[in-house]
Amino acid sequence: MQRFNVIPLDFQNLPEEEQLLRAKEFLDLCRRRRSVREFSDTAVSRELIETIIATAGTAPSGANKQPWKFVLVDDPKLKREIRIAAEKEEKESYEHRMPQDWLDDLEPLGTDWHKEFLEAAPYLIVVFREKYRLEDGKQKKNYYVDESVGIACGFLLAAIHNAGLASLTHTPSPMNFLRDILQRPANEVPYLLIPVGYPKQGTLVPDIQRKTLDEILIRKILNTPG
Ligand code: IYR
């Protein structure tokens with residue numbers, strides 16, 4: 001295998017105050033992101049949503065294989081088909097498959113098997129992970145596929161929020177029906193379903209709290225703050 005050519009790194013050295021300012025602004029932005037389950041029918045421009053998906057595609061990935069596909073759905077007929085199939089699985093899950101502990105953990109969030117948002121949101125982004133690639137009819141390996149696609153979804157969610165749109169990370173289970181409905185090949189496995197749009201006016205969200213920094217950060221460092 002030939003090595004890639006190398007090019008100078010495009011890297012911006014920022015003054016420290018600006019670094020901290022940007023980091024704090026980004027934290028503040030991310031703190032205001034919430035999962036939304038009620039969408040208005042306000043349209044989202046194609047250019048905006050496609051720019052956001054391009055951002056997800058900038059994520060790092062194992063051996064740069066970029067093992068992801070983003071299926072963008074706005075067709076009401078397809079959205080309805082997805083809703084019907086998702087609700088069928090979710091009803092079965094909520095009523096028979098999910099253990100009581102799980103149902104108890106979801107109770108405060110008020111979720112159930114009804115998935116109106118799958119039709120209400122102007123766009124659904126269905127993320128697929130490519131468990132292998134097909135090149136000249138041969139199966140080629142991808143690496144760290146779950147990690148890579150998870151990171152790309154992180155970029156995607158941040159880009160959606162940054163653009164002033166709302167989203168939900170929805171994981172109907174099992175979700176293989178998405179491959180059939182969206183006619184994706186056997187090497188692609190559905191990973192996450194993300195409705196995107198504007199929140200319905202007056203949307204209420206659960207008053208949840210994020211863990212504090214001291215709860216999530218374990219410091220093994222020599223430097224004392226100064
Ligand atoms: N997939 C189901 C259940 C569900 C599971 C978790 I973990 C959540 O944080 C939220 C919902 C659903 O979408 O309702």
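Order of appearance sets the numbers: ligands from 1, and atoms from 1 within every ligand.
Side-chain contact check for D10 and Q12: no donor-acceptor pair (N or O, by modelled atom type) lies under 3.5 Å.
Residue-level proximity to ligand 1 for Y94 is carried by the side chain, the only part with a heavy atom below 4.0 angstrom. For D105, no heavy-atom contact with ligand 1 is shorter than 4.0 Å.
K115 and E87 are not joined by a salt bridge, as no carboxylate oxygen comes within less than 4.0 angstrom of a charged side-chain nitrogen. For K211 and E215, the salt-bridge test fails: no basic side-chain N is under 4.0 Å from an acidic carboxylate O.
Among R133, Q139, K138, the single residue meeting the side chain to side chain donor-acceptor pair (under 3.5 Å) criterion with E135 is R133. Remark: of the listed residues L48, L72, I160, L72 is the sole one forming a side-chain contact (heavy atoms from CB on, under 4.5 Å) with I53. Of the candidates S148, P185, P67, P67 is the only one forming a side-chain contact (heavy atoms from CB on, under 4.5 Å) with E130.
Annotation for ligand 1: atoms under 4.0 Å from non-hydrogen atoms of T171 are 1 (N). Atoms of ligand 1 found under 4.0 Å from any heavy atom of K115, numbered from 1 in the order shown, are 12 (C), 13 (O), 14 (O). Taking every heavy atom of H170 and a limit of under 4.0 angstrom, the matching atoms of ligand 1 come to 13 (O).
Residue contacts with ligand 1: W102 is included, with a non-hydrogen atom under 4.0 Å away.
Regarding atom 12 (C) of ligand 1, its nearest protein heavy-atom neighbour is E90 OE1, 2.7 Å. For atom 4 (C) of ligand 1, the nearest non-hydrogen atom of the protein is L106 CD1, 3.6 Å.
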